[in-house]
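To start, the structure itself, in structure tokens.
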6 protein chains.
Amino acid sequence: MYELGVVYKTIQRADREVAQKLAQYGSATVHEAMGRVGLLQPYMRPIYAGAQVSGTAVTVLLHPGDNWMLHVVAEQIQPGDIVVAALSAPNTDGFFGDLLATSFQARGARALVIDAGVRDVKTLTEMKFPVWSKAISAKGTIKATLGSVNIPVVCAGALVHPGDVIVADDDGVVCVPAAMAPRTLKAATAREANEGEKRAKLASGVLGLDMYKMREPLAQAGLRYID
Amino acid sequence: MYELGVVYKTIQRADREVAQKLAQYGSATVHEAMGRVGLLQPYMRPIYAGAQVSGTAVTVLLHPGDNWMLHVVAEQIQPGDIVVAALSAPNTDGFFGDLLATSFQARGARALVIDAGVRDVKTLTEMKFPVWSKAISAKGTIKATLGSVNIPVVCAGALVHPGDVIVADDDGVVCVPAAMAPRTLKAATAREANEGEKRAKLASGVLGLDMYKMREPLAQAGLRYID
Amino acid sequence: MYELGVVYKTIQRADREVAQKLAQYGSATVHEAMGRVGLLQPYMRPIYAGAQVSGTAVTVLLHPGDNWMLHVVAEQIQPGDIVVAALSAPNTDGFFGDLLATSFQARGARALVIDAGVRDVKTLTEMKFPVWSKAISAKGTIKATLGSVNIPVVCAGALVHPGDVIVADDDGVVCVPAAMAPRTLKAATAREANEGEKRAKLASGVLGLDMYKMREPLAQAGLRYID
Amino acid sequence: MYELGVVYKTIQRADREVAQKLAQYGSATVHEAMGRVGLLQPYMRPIYAGAQVSGTAVTVLLHPGDNWMLHVVAEQIQPGDIVVAALSAPNTDGFFGDLLATSFQARGARALVIDAGVRDVKTLTEMKFPVWSKAISAKGTIKATLGSVNIPVVCAGALVHPGDVIVADDDGVVCVPAAMAPRTLKAATAREANEGEKRAKLASGVLGLDMYKMREPLAQAGLRYID
Amino acid sequence: MYELGVVYKTIQRADREVAQKLAQYGSATVHEAMGRVGLLQPYMRPIYAGAQVSGTAVTVLLHPGDNWMLHVVAEQIQPGDIVVAALSAPNTDGFFGDLLATSFQARGARALVIDAGVRDVKTLTEMKFPVWSKAISAKGTIKATLGSVNIPVVCAGALVHPGDVIVADDDGVVCVPAAMAPRTLKAATAREANEGEKRAKLASGVLGLDMYKMREPLAQAGLRYID
Amino acid sequence: MYELGVVYKTIQRADREVAQKLAQYGSATVHEAMGRVGLLQPYMRPIYAGAQVSGTAVTVLLHPGDNWMLHVVAEQIQPGDIVVAALSAPNTDGFFGDLLATSFQARGARALVIDAGVRDVKTLTEMKFPVWSKAISAKGTIKATLGSVNIPVVCAGALVHPGDVIVADDDGVVCVPAAMAPRTLKAATAREANEGEKRAKLASGVLGLDMYKMREPLAQAGLRYID
């Protein structure tokens with residue numbers, strides 16, 4: 001249930017350095033490092049391939065077909081933030097285009113994550129302003145109804161509090177609660193530590209069956225090989 | 001309700017110059033300029049990114065799994081036309097491939113908009129023949145049942161009359177009725193007139209809140225700021 | 001109905017040369033050459049554009065959220081194989097990433113076709129390891145339940161036996177039963193034989209209506225032209 | 001493309017008697033009698049089983065989340081009408097409930113066909129006011145934006161003109177253009193004429209293969225029987 | 001982000017009487033009384049028509065294909081509770097059947113709201129144990145992985161805290177935060193107060209246009225009537 | 001891959017008595033008894049609630065929009081059979097209505113399972129001829145293209161051989177391979193043996209936690225209770 005018509009100006013952002021460092025590990029590793037939770041639904045897709053970012057969430061609640069609050073949230077953006085836009089009901093209209101992107105970028109926003117549609121995607125791609133969205137749509141919106149800024153929101157099935165860390169790449173979007181960010185960074189770093197070694201082994205033809213010592217548990221589970 | 005088995009050879013095309021000029025504004029601006037109507041459903045996606053076209057609609061009604069009428073419509077294409085293909089029932093088969101595209105291109109068609117599937121998308125991309133479709137599918141079709149050419153059709157939820165202007169880009173597809181094309185072009189031109197100025201202001205850090213004078217109406221609507 | 005917990009080590013692969021040669025014709029032509037059957041559902045999409053492959057199927061049955069058997073199937077891969085992964089119930093989790101891809105590639109696999117999600121798509125693209133999947137998702141999986149390897153599976157609506165030929169490109173994925181592969185290759189070759197000539201004719205402005213002699217059957221079917 | 005903000009008070013309704021008589025044949029027979037066209041998409045479902053109605057269309061165009069125009073259309077209803085509500089963009093909110101149904105019923109409306117959601121379905125069922133809709137949803141709507149009444153609309157993929165005949169039952173909804181209604185009634189009557197006789201034959205064990213004389217065309221098409 | 005492997009035994013339930021009284025108003029009125037928020041997605045449907053309940057939420061987080069925690073949550077049920085089951089990833093398996101329903105009913109549960117599938121729906125209907133779910137599926141589940149009980153969950157897009165009031169009927173499911181329940185009850189009661197009077201007026205033929213005094217605002221918005 | 005244009009007249013049906021007895025256990029129990037496999041996708045829904053049947057599969061492969069082969073399969077029906085209709089590509093048209101149902105019923109068919117649409121559902125309900133389908137649609141079909149009868153088919157994601165046992169009820173549809181039917185019946189009987197006792201215990205307030213001795217494994221898995 002959402003509180004409407006309110007803008008929280010002061011939020012507790014996750015540690016800036018931690019927030020920044022999580023980008024390099026990507027959404028898959030970060031979500032594993034948190035214990036396999038925190039992902040937004042996989043229908044959230046990037047408007048262009050290759051972007052990989054992280055930052056602190058500034059949240060906004062919008063109503064279907066109404067993007068007024070995106071102008072309100074712009075003022076609350078600080079450098080390093082990622083805007084997370086939730087909807088009070090499902091909608092695929094194009095809430096965000098090149099003018100808003102110019103403004104967000106000028107304020108220091110790194111990306112937009114929106115559980116709705118965006119437009120001007122060609123220009124956004126040229127501007128290198130990444131967006132993860134549910135749809136692409138030329139459909140415009142009006143400016144008539146109040147939502148809220150910096151309240152906890154449910155975006156694409158995930159609960160996001162203002163100040164949480166968002167990590168997004170071609171695989172999807174994950175939300176790391178601010179309090180968990182430092183230990184998640186540590187866990188992600190640890191997970192990646194021997195990835196290179198593993199990759200080299202697998203590339204040389206060693207099987208995961210042997211590298212991960214799976215043959216015995218598979219046999220115990222009853223796996224039968226038939227020639 | 002559709003009239004079946006008929007080809008209208010003479011249609012009233014929108015003014016050629018107007019039809020051509022609308023492309024530059026893109027589907028989002030044109031749909032705004034019309035009063036926020038005329039868009040096809042957002043499930044219509046381009047087979048490759050970056051194409052931006054406009055042209056006069058030549059329409060065709062197809063039946064599921066049957067592309068016979070695409071050969072019939074080819075003959076009715078004039079340079080600058082965009083073929084708009086509607087289906088009598090939902091279907092995702094691959095109605096259109098590189099051979100038909102070669103023929104359409106030879107006749108002067110600028111694009112295909114089809115509420116179904118297409119195939120040979122790699123070759124179509126190399127040929128630079130843009131298609132907006134509901135699906136990509138290798139599934140072939142037969143040639144057995146009559147539809148119609150140049151009747152009014154419902155394509156992806158939008159009513160398209162032969163001769164209307166179609167504008168399509170990465171954001172989607174919009175249909176401008178022929179009679180509305182001149183005033184839509186004027187309105188689109190006006191909308192774009194001071195876009196550069198706005199963009200510069202926003203890029204310099206001016207907020208939309210101030211540029212669009214939204215603070216007062218937001219306050220009147222009851223927006224509260226909490227420190 | 002699936003047999004669980006079993007790995008068939010010996011399968012009858014389609015002729016290697018035939019399997020390799022089918023790639024060049026692509027999924028659309030091959031499916032036509034088989035009599036318009038054998039296609040997987042069109043929701044199966046490549047993670048990057050442009051790949052066009054064929055190979056012999058090594059099959060694996062997975063359970064939702066569990067990728068254990070992908071490690072088991074890796075050992076059964078021979079050079080020129082394509083892994084076809086079916087699910088016992090619908091699921092979009094990310095079953096496959098860069099480490100498994102490294103292993104599959106080292107074993108000689110040409111591609112993965114999976115009726116579920118994949119992740120690390122940026123790296124997979126850089127590695128040039130093509131995947132056709134139902135979804136992209138960062139969501140990780142566990143390793144807890146036995147499926148099977150090299151049993152007949154239903155993948156995206158199509159029945160695939162181990163050893164069948166898989167042909168996949170931007171248009172989709174088709175399965176050619178091993179026994180039908182030679183005659184399908186012959187039929188596909190025949191279909192392509194005069195494609196160049198047809199394309200040249202169409203490019204010169206000849207209509208399909210005339211090239212395919214459709215005017216008479218259209219008239220017989222009752223098509224009326226109205227000036 | 002829709003004309004907005006206008007109410008056409010005078011429409012040409014299909015012949016009342018014809019409109020009423022079509023109900024008895026049901027949507028399937030009527031759509032066959034028209035040549036297999038005119039159906040709304042099958043996602044349009046009745047809120048309760050068993051209703052079977054026909055009537056003349058009074059149309060209304062609504063915007064997502066806004067049911068203002070349903071109050072406007074109420075005044076245009078005449079006894080024997082069916083209200084057909086189209087949306088300017090996809091939406092599943094609950095636009096219509098028991099109060100509006102009371103008003104529509106008082107005006108003589110026989111049903112509502114709406115390409116969106118409805119609510120109070122328990123009460124509507126008790127009131128015996130049938131609705132065919134895309135969704136059931138408790139979500140309320142606002143009253144802020146003008147649509148139009150009695151313009152041609154696209155509802156669930158079908159073009160409906162004011163005055164057309166709507167036939168709806170458990171199988172779906174079909175729109176019969178006013179001008180085609182008399183001949184469609186005749187054709188539907190003819191189709192049903194010997195249904196009883198056919199049914200009796202089939203019930204006695206006679207096969208459709210023999211009753212419809214299909215054995216020869218099947219053999220000619222190449223059907224082979226294998227013992 | 002979810003805390004896993006924990007059961008909160010003590011939760012602050014909304015006032016029992018308030019929770020009970022909300023049922024009579026139904027989900028549509030309650031959601032309006034809260035300011036048009038709090039609804040679960042409309043894909044949540046009752047397994048049989050006619051049930052209308054309210055109660056205090058006991059929450060449980062489940063993993064796809066694993067219903068272990070439903071046995072854990074059973075112990076935390078108190079008379080008048082409604083179990084709200086969320087999933088860590090989308091899934092349609094049949095998590096709940098007649099045995100669990102017998103147990104829940106014995107503990108005093110009034111209903112289950114589950115963002116996944118249920119089975120044994122025929123028996124559940126006979127038992128008069130209402131369930132709102134995303135799917136009906138015979139697919140069984142395993143008991144292998146820990147979720148949590150009585151943590152805040154996102155169920156069908158809505159945030160539900162343990163102790164909140166759930167109101168569910170044929171129109172859908174709404175969640176009322178415990179703190180808002182008393183004033184929501186008051187507002188719902190007020191909304192219903194003169195419904196009977198309104199219904200009588202509308203039934204007598206008075207138009208909403210007049211009863212709600214809409215003619216002037218419609219004219220001001222520019223509505224034109226054409227004879 | 002399907003063999004087209006062929007009717008296998010002789011099939012090996014599962015034991016008649018076994019096939020009949022499975023109905024009483026329902027789809028959920030039977031699928032569990034087989035090891036949790038064999039289910040058709042949950043989008044297959046009964047056209048009316050309450051039917052619970054089992055029988056031997058007679059299969060038919062249809063093409064989109066073409067129901068010719070349903071007349072061919074009618075002749076192959078023996079008393080106690082259930083017709084299983086698969087499609088060569090997804091389609092929701094209404095392939096089957098009251099006349100075909102009359103014929104099927106006269107031949108002794110117990111039900112139809114079809115991965116497409118049906119119509120005349122009101123009459124089918126009155127006739128007590130149960131159908132499990134993907135859709136309900138008034139859309140008619142033609143009779144033009146050959147499919148096959150009594151070949152193995154993939155229906156709603158499940159592989160069905162002619163002669164297999166189909167069990168269908170309100171929870172869904174399951175396919176039991178003929179060879180597995182006797183042992184599945186035995187396993188289903190065993191599963192149900194002490195259901196009554198379990199239900200009585202649970203109804204008396206005993207928890208599944210205790211009845212199934214789950215407390216220890218839950219503790220071992222790390223479940224923590226917090227007062």
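For the numbers below, each heavy atom of this structure counts, side chains included, while hydrogens, waters and symmetry mates do not. Remember, predicted model here, so these are calculated numbers, not experimental data. In what follows, every chain begins at residue 1, and chains take the letters A, B, ... in the order their sequences are listed.
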- Message: With chain C as the partner, which of A/K198, A/M214, A/R45, A/M44 has the greatest number of non-hydrogen pairs under 4.5 Å?
- Response: A/M214
- Task: Below 4.5 Å from any heavy atom of chain A, which atoms of C/R107 appear? Answer side chain, backbone, both or neither.
- Result: side chain
- C/V72, part contacting chain A, at a heavy-atom distance under 4.5 Å: both
- Please indicate whether A/E195 has more than 12 foreign heavy atoms, meaning atoms of other residues, nucleotides or ligands, lying under 6.0 Å from its CD. yes
- Message: Under a 4.5 Å cutoff for heavy-atom pairs, which residue among A/D170, A/D171, A/L40 has the most contacts with chain C?
- Response: A/D171
- Query: So with a 6.0 Å cut-off around CD of A/E192, is the heavy-atom count from everything else above 12?
  - Reply: yes
- Message: Can you tell me which portion of C/T141 sits under 4.5 Å from chain A's heavy atoms? Options are side chain, backbone, both or neither.
- Response: backbone
- Task: Under 4.5 Å, counting heavy-atom pairs only, tell me which of C/D93, C/T102, C/T92, C/I47 racks up the most with chain A.
- Result: C/T102
- Greatest number of non-hydrogen atom pairs under 4.5 angstrom with chain C, of A/Q41, A/K201, A/R215, falls to A/R215
- Query: Between atom CG of A/D210 and atom CD of C/E75, what is the distance when rounded to the nearest 0.5 Å?
  - Reply: 7.0 Å
- Task: Could you list which of residues 218-227 of chain A have a heavy atom closer than 4.5 Å to any heavy atom of chain C, in residue-number order?
- Result: A/L218, A/A221, A/G222, A/L223, A/R224, A/Y225, A/I226, A/D227
- Looking only at A/G26, A/G172, A/G50, the option with the highest number of non-hydrogen pairs under 4.5 Å against chain C is A/G50
- Between C/G5, C/A144, C/A106, which residue shows the highest count of heavy-atom pairs closer than 4.5 Å to chain A? C/G5
- Query: Do A/R36 and C/I142 touch side chain to side chain, with heavy atoms closer than 4.5 Å?
  - Reply: yes
- Task: Would you please go through residues 120-138 of chain A and name the residues with a non-hydrogen atom below 4.5 Å from one of chain C, in numerical order?
- Result: none
- Task: Would you mind telling me which of C/T145, C/L99, C/L100 has the largest number of heavy-atom pairs within less than 4.5 Å of chain A?
- Result: C/L99
- Message: Between C/K139 and A/E32, does any NZ, NE, NH1 or NH2 come within less than 4.0 Å of an OD or OE carboxylate oxygen?
- Response: no
- Please check if atom NZ in C/K143 has more than 12 non-hydrogen atoms from other residues, nucleotides or ligands closer than 6.0 Å. yes
- Taking C/G140, C/A101, C/S148 one by one, which has the highest count of heavy-atom pairs under 4.5 Å against chain A? C/G140
- Task: Would you mind reporting whether A/L207 and C/H71 have side-chain heavy atoms less than 4.5 Å apart?
- Result: no
- Note on the structure: Interatomic distance, CG@C/D98 vs CZ@A/R199, rounded to 0.5 Å, equals 4.5 Å
- Is it the backbone or the side chain of A/Y212 that comes under 4.5 Å from a heavy atom of chain C, or both, or neither? side chain
